[in-house]
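Let me begin by presenting the structure, written as structure tokens, before commenting on it.
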Amino acid sequence: MLLEGKVAVITGAGSGIGAAIARLFAAEGANVLLGDLTESGAALAAELVATGHAAAFQPVDVTDEAAVAALMEAAVNRFDRLDILVANAGIPERKSPIHELDLADWRHVIDVDLTGVAICNKFAAGAMLATGGGAIVNMASILAHVGQENSNAYSAAKAAVVNLTRSVALTYARQGIRANCVSPGYVDTSLLAKLPEATRQMMLLRQPIGRLARPEEIAEVVAFLASDRASIITGACINADGGYTAI
Ligand SMILES: NC(=O)c1ccc[n+]([C@@H]2O[C@H](COP(=O)([O-])OP(=O)(O)OC[C@H]3O[C@@H](n4cnc5c(N)ncnc54)[C@H](O)[C@@H]3O)[C@@H](O)[C@H]2O)c1
């Protein structure tokens, strides 16, 4: 199996892409510790345990240093090591023209989507150094690479995640830690379900493949990058977007 015996922490694992990653990682033989702000991750962890996988849930707010440190510690205490971090937790922004920017929303989105990723990388890298290395996969977005009208904090945070990932990759390149990111296009999750129907139709029109991605398709890319099969890949960002950024 692709991730046989690996120990993985996945943030935002309670729903959408994170839940698909947790399911695939468990199916590929990984021991998974699911972190999420909501208790939804607890039900998924219980389901995975009931089907014979090594899984657990711990609540975490990725913007809280102590909670993130405790999450990585819990993985090491429970499974003896940490091999993989998937920093997936993220939130959408309140879109607006920048002259109407809501600074409180800007700060919250930057806090979760950028600072939260940095905090997770900080404590995961510390734990991985102790056991000779590991793989970090950060969740970016197509909006890291292309502009979009009325997108502010989300685009800024995701673009910063891409370059943060490159720096993390270079910092630990000789210490066995690889760091990469994945940039999904439009994926059919609750994050998109909350949008108005007209916006969803506009998204479909912009998708070269004519459909939204499924969370499971993004999970496959994450699993590959997290696995030893991607041993030569570090500092990279894979666009998993149905051709969106190829235009
Ligand atoms: N859905 C898309 O089209 C799409 C496209 C590009 C990138 N992404 C990115 O993929 C990631 C997952 O998105 P999704 O579509 O699965 O969304 P989702 O809303 O279904 O899942 C996000 C999860 O993150 C959790 N979360 C939110 N804030 C948190 C915090 N402070 N600490 C811990 N957990 C927190 C939520 O509780 C939720 O379970 C996000 O980083 C998102 O920006 C999504």
Side-chain angles (χ1 to χ4, degrees), residues 9-24 33-45 57-72 85-93 95 105 107-121 123 136-146 148 151-162 164-165 181-195 199-200 202-204 206-207 209 211-219 221-222 237-242 244-245:
V9 165
I10 302 153
T11 68
S15 76
I17 297 170
I21 294 168
R23 283 203 170 88
L24 180 62
L33 179 58
L34 284 57
D36 203 291
L37 198 56
T38 72
E39 289 292 323
S40 50
L44 176 53
F57 168 74
Q58 180 152 321
V60 70
D61 178 346
V62 294
T63 67
D64 178 343
E65 264 201 281
V68 173
L71 182 72
M72 304 306 163
L85 162 71
V86 183
N88 164 76
I91 54 170
E93 68 189 333
K95 287 184 186 266
D105 187 59
R107 290 196 171 104
H108 183 49
V109 172
I110 295 288
D111 211 21
V112 176
D113 290 359
L114 173 57
T115 311
V117 172
I119 294 172
C120 289
N121 281 223
F123 290 103
I136 293 172
V137 183
N138 294 324
M139 198 55 72
S141 163
I142 45 170
L143 295 188
H145 312 282
V146 297
Q148 188 175 81
S151 178
N152 304 300
Y154 188 84
S155 296
K158 293 297 187 181
V161 163
V162 173
L164 170 70
T165 305
C181 51
V182 175
S183 285
Y186 296 124
V187 189
D188 210 359
T189 68
S190 65
L191 198 137
L192 258 65
K194 291 169 198 150
L195 299 174
T199 312
R200 284 174 63 86
M202 179 275 294
M203 286 173 174
L204 280 177
R206 288 188 182 179
Q207 281 287 95
I209 61 167
R211 64 171 177 85
L212 301 178
R214 289 179 287 107
E216 293 75 17
E217 293 177 294
I218 307 303
V221 183
V222 174
C237 185
I238 307 288
N239 295 355
D241 65 0
Y244 188 97
T245 50

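For the numbers below, each heavy atom of this structure counts, side chains included, while hydrogens, waters and symmetry mates do not. Please read all numbers here as calculations on a predicted model, not as lab measurements. Numbering of ligands and ligand atoms starts at 1, following listing order.
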Checklist entry - Closest heavy-atom contact between A144 and V162? => result CB-CG2, 3.7 Å

Item to check | Electrostatic pair R206:D241 at N-O distance under 4.0 angstrom | outcome: no

Checklist entry - Does M72 reach the side chain of L85, with side-chain heavy atoms less than 4.5 Å apart? => result yes

Checklist outcome for this item: Of all protein heavy atoms, the one nearest atom 17 (O) of ligand 1 is L191 CD1, 3.3 Å

Checklist entry - Among protein heavy atoms, which sits nearest to atom 31 (N) of ligand 1, and what does the distance come to when rounded to 0.1 Å? => result D61 OD1, 3.0 Å

Next on the checklist: Within the 4.5 Å heavy-atom criterion, are E217 and V187 side-chain neighbours or not?
Outcome noted: no

Checklist entry - So which protein heavy atom does atom 1 (N) of ligand 1 come closest to, and at what separation? => result T189 OG1, 3.1 Å

Item to check | T38 neighbourhood, listing ligand 1 atoms whose heavy-atom distance to it stays under 4.0 Å | outcome: 37 (O)

Item to check | Shortest protein heavy-atom distance from atom 27 (C) of ligand 1, along with the residue and atom involved | outcome: I91 CG2, 3.7 Å

Checklist entry - Which protein non-hydrogen atom lies closest to atom 20 (O) of ligand 1, naming both residue and atom, and how far is it? => result S15 OG, 2.8 Å

Checklist entry - Which of the atoms in ligand 1, numbered in the order shown and given with their element, are less than 4.0 Å from a heavy-atom of Y154? => result 6 (C), 7 (C), 8 (N), 9 (C), 42 (C), 43 (O)

Item to check | Part of P92 with heavy atoms under 4.0 Å of ligand 1, whether side chain, backbone, both or neither | outcome: neither

Checklist outcome for this item: of all protein heavy atoms, closest to atom 33 (C) of ligand 1 is V60 O, 3.2 Å

Checklist entry - Is the side chain of T11 donor-acceptor paired with the backbone N or O of N88 at a distance under 3.5 Å, no angle test? => result yes

Checklist outcome for this item: The atoms of ligand 1 lying under 4.0 Å from a heavy atom of G16, numbered in the order shown, are 16 (O), 20 (O)

Checklist entry - N/O of K158 under 3.5 Å from N/O of ligand 1, yes or no? => result yes

Item to check | Close N or O approach (T63, ligand 1; < 3.5 Å) | outcome: no

Checklist entry - If you count the atoms of ligand 1 from 1 in the order shown, which ones are under 4.0 Å from a heavy atom of M139? => result 9 (C), 10 (O), 11 (C), 41 (O)

Next on the checklist: Using a plain distance cutoff, I'd like to know if S40 has any nitrogen or oxygen under 3.5 Å from a nitrogen or oxygen of ligand 1.
Outcome noted: no

Checklist entry - Is it true that a side-chain atom of D61 and a backbone atom of L37 form a donor plus acceptor pair closer than 3.5 Å? => result no

Next on the checklist: Check whether E93 reaches the backbone of N152 with its side chain - one donor and one acceptor, N or O, closer than 3.5 Å.
Outcome noted: yes

Next on the checklist: If you measure every N or O of P184 against every N or O of ligand 1, does any of those distances drop under 3.5 Å?
Outcome noted: no

Item to check | Numbered atoms and elements of ligand 1 in range of I17, under 4.0 angstrom, heavy atoms | outcome: 10 (O), 16 (O), 44 (C)

Next on the checklist: Can you give me the closest heavy-atom contact between I17 and P184, atom names plus distance?
Outcome noted: CD1-CG, 4.3 Å

Checklist entry - Run the side chain to side chain contact (heavy atoms under 4.5 Å, CB included) check on L192 and Y186 step by step: do they pass? => result CA-CA 8 Å; L192 258 65; Y186 296 124; 3.8 Å; yes

Checklist entry - Counting only N and O atoms by type, is there a donor-acceptor contact under 3.5 Å from the side chain of N121 to the main-chain atoms of V117? => result yes

Next on the checklist: Among all the protein's non-hydrogen atoms, which is closest to atom 32 (N) of ligand 1, and how far away is it?
Outcome noted: V62 N, 3.0 Å

Next on the checklist: A side-chain contact here means heavy atoms from C-beta on lying under 4.5 Å apart; do Y154 and D113 qualify?
Outcome noted: yes

Checklist outcome for this item: Note: A13 and D36 closest approach over all heavy atoms is N-OD2, 3.3 Å

Checklist entry - For ligand 1, which atoms have a heavy atom of S190 less than 4.0 angstrom away? => result 18 (P), 19 (O), 20 (O)

Item to check | Ligand-residue contact atoms, ligand 1 with G12, heavy atoms, under 4.0 Å | outcome: 23 (C), 24 (O), 25 (C)

Checklist entry - Looking only at atom types and distance, does a side-chain atom of K158 sit under 3.5 Å from a main-chain N or O of M139, one as donor and one as acceptor? => result yes

Checklist entry - Side chain, backbone, both or neither: which part of I218 has a heavy atom under 4.0 Å from ligand 1? => result neither

Checklist outcome for this item: The protein heavy atom nearest to atom 37 (O) of ligand 1 is D36 OD1, 2.6 Å

Checklist entry - Of all the heavy atoms in G185, does at least one lie under 4.0 Å from an atom in ligand 1? => result yes

Checklist entry - Counting heavy atoms only, which of G90, A89, G18 is nearest atom 22 (C) of ligand 1? => result G90

Item to check | For Y186, atoms of ligand 1 separated by under 4.0 Å from a heavy atom | outcome: 3 (O)

Checklist entry - How about V68 and V60: do any of their side-chain heavy atoms sit closer than 4.5 Å? => result yes

